Amino acid sequence: MTQQRSLAIITGASSGLGFEMAKLFAKDGYDLAITGSSDRIFEAAETIRELGVEAYPHKADAAAYEGVEGFWDFVSDLDRPVEAAVLNVGIGIGGGSFLETSLEDEMRLISINITGTVHLAKRVVHHMVPNSRGKILIVSSISATTPTPYETVYGPSKAFGFAFAESLREELRETGVTVTALLPGATDTNFHANAGMGDTQIGSSSKNDKELVAKQGYEALMNDIDHVVGGDEKTKKEAEDNRTTSETEKAAIHAEKTRP
């Protein structure tokens, strides 16, 4: 009898870090259940299948309860143990001050970055703990380590993700389920353009290679490391410096990078 491959699930896997992470799992022989908000998720699945594994794509709105629950129902219908879960989906909002940005957009950000993460994590934890095994990666951001003016809701949403991951890791310490947080610095994805930050200093600056950041997150997950900063040495030093720099000073530095 042919042994069934392990199954990993990844949100926000149409492109960017989620897609790069999916390719790393595929190269290690995992089948993938992946979700995204557009038809590009089906194209991503085709690319993953070319690596010799099976990919199960599901299109869903991560901002809606039904979207998150629908993806989990889709995964459950596969009737296979989930060995790894990458909670990667997230959006940013920039391009203006809190005074100028849309409340509707910010509530959607909270629904995706916070509510959706908690929702799917709850389903994953309830699935993994009875199996006494599993690996969870929560994608936060280096923005979790600093105030983020002109991304005034985004940064706190990622701070939540980091604290949530570290808290959950401790709770699950004796269960066989591990939790890792990935804190990427600015990365060469469409994130800043999609967030309306193309005309900012950070939007036009050089960025970390997405393949490198995905690899760092993947290796940290596989080696049961509590968190890792994703990026080059400059990015890692920035995260280190943020531990000792005052909040007001960090806020001013960030504002220079993100002010339109």
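What you are looking at is a predicted structure, and each value in this text was computed from that prediction instead of being measured.
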Practice task
Could you tell me whether the side chain of Thr258 and the main chain of Pro149 form a donor-acceptor pair under 3.5 Å?
Solution key: yes

Completion exercise
Taken in chain and number order and not counting sequence neighbours, the residues that satisfy side-chain contact (heavy atoms from CB on, under 4.5 Å) with Glu166 are Phe162, Arg169, Asp226, His227

Practice task
Measure the CD1-NE2 distance between Ile114 and His119 for me, rounded to the nearest 0.5 Å.
Solution key: 15.5 Å

Fill in the blank from the handout: Between Pro260 and Tyr150, the two heavy atoms sitting closest are CD-CD2, 4.0 Å

Fill in the blank from the handout: All heavy atoms of Thr35 vs all of Ala60, minimum pair found to be OG1-CB, 3.8 Å

Exercise for the section: Decide whether Tyr30 and Leu182 are clustered together by the hydrophobic rule: side chain heavy atoms of Ile, Leu, Val, Met, Phe, Trp, Tyr closer than 4.5 Å, transitively. Expected result: yes

Problem - Basic-acidic side-chain contact under 4.0 Å: Glu219, Lys215 - result: yes

Exercise for the section: May I ask you to decide whether Arg40 forms a salt bridge with Glu43, counting only side-chain N to carboxylate O separations under 4.0 Å? Expected result: no

Exercise for the section: Evaluate the side chain to side chain contact (heavy atoms under 4.5 Å, CB included) criterion for residues Thr148 and Lys158: first the C-alpha distance (whole Å), next the side-chain angles of each, then the deciding distance (0.1 Å), finally the verdict. Expected result: CA-CA 10 Å; Thr148 56; Lys158 289 301 182 177; over 6 Å; no

Exercise for the section: Quick one: pull up CD in Gln216 and CG in Asn208 and give me the separation to the nearest 0.5 Å. Expected result: 7.5 Å

Handout entry: Distance (rounded to the nearest 0.5 Å) between Tyr218 OH and Asp28 CG
Key = 3.5 Å

Handout entry: Of Arg49, Arg80, Gln4, the residue whose pairing with Asp31 passes side chain to side chain donor-acceptor pair (under 3.5 Å)
Key = Arg80

Handout entry: Same apolar cluster: Val153 and Phe164, side chain cutoff 4.5 Å
Key = yes

Handout entry: Beyond-backbone contact of Asn113 with Ile91, side-chain heavy atoms, under 4.5 angstrom
Key = yes

Problem - Side chains of Lys122 and Val68 in contact at under 4.5 Å (non-hydrogen atoms) - result: no

Practice task
Please confirm whether the backbone N or O of Ile112 pairs with a side-chain atom of Thr115, one donor and one acceptor, at under 3.5 Å?
Solution key: no

Fill in the blank from the handout: Rounding to 0.5 Å, atoms OH (Tyr56) and CD1 (Ile41) come to a distance of 14.5 Å

Exercise for the section: Output yes when a side-chain donor or acceptor of Asp188 lies under 3.5 Å from a complementary backbone atom of Lys210, and no otherwise. Expected result: yes

Handout entry: Short N-O contact, Lys237 and Glu240, less than 4.0 angstrom
Key = no

Handout entry: Gap separating the CD atom of Glu151 from the CG atom of Leu109, nearest 0.5 angstrom
Key = 10.0 Å

Problem - NZ/NE/NH1/NH2 to OD/OE distance under 4.0 Å, Arg173 and Glu170 - result: yes

Practice task
Would you kindly confirm whether Ile10 and Val75 end up in one hydrophobic cluster when ILVMFWY residues are joined by side chain heavy atoms under 4.5 Å apart?
Solution key: no

Handout entry: Linked, directly or transitively: Ile136 and Leu78 (ILVMFWY side chains, under 4.5 Å)
Key = yes

Practice task
Can you tell me which residue pairs pass the side chain to side chain donor-acceptor pair (under 3.5 Å) test with a partner in residues 129-138, sequence neighbours excluded?
Solution key: Glu83-Arg133

Exercise for the section: Please check if the side chain of His58 supplies one atom and the backbone of Phe74 the other of a donor-acceptor pair under 3.5 Å. Expected result: no

Problem - Lys/Arg N to Asp/Glu carboxylate O, Glu238 vs Lys257, below 4.0 Å - result: yes

Handout entry: Ser143 to His254 - nearest heavy-atom pair and separation
Key = OG-CE1, 4.4 Å

Exercise for the section: Check whether Val86 and Ile48 end up in the same hydrophobic cluster, where Ile, Leu, Val, Met, Phe, Trp and Tyr are linked by side-chain heavy atoms less than 4.5 Å apart. Expected result: yes

Problem - Side-chain donor or acceptor of Asn223 paired with backbone N/O of Ile225 under 3.5 Å - result: no

Problem - Atom of Ala239, atom of Val229 and distance for their closest heavy-atom approach - result: CB-CG2, 3.7 Å

Completion exercise
CD1 (Ile138) and CG (Leu221) are apart, to the nearest 0.5 Å, by 11.0 Å

Fill in the blank from the handout: Minimal heavy-atom distance between Ala214 and Leu17, with the atoms involved, is N-CD2, 3.9 Å

Practice task
For Glu104, look at atom CD and say whether over 12 heavy atoms of other residues, nucleotides or ligands are found less than 6.0 Å away.
Solution key: no

Problem - Least distance between heavy atoms, Glu54 atom then Arg5 atom - result: N-NH2, 3.6 Å

Problem - Ser76 versus Asp73, side-chain donor and acceptor atoms under 3.5 Å - result: no

Handout entry: Short side-chain to backbone donor-acceptor contact, Lys23 and Glu211, under 3.5 Å
Key = no

Handout entry: Whether Glu100 side chain and Ser97 backbone form a donor-acceptor pair below 3.5 Å
Key = yes

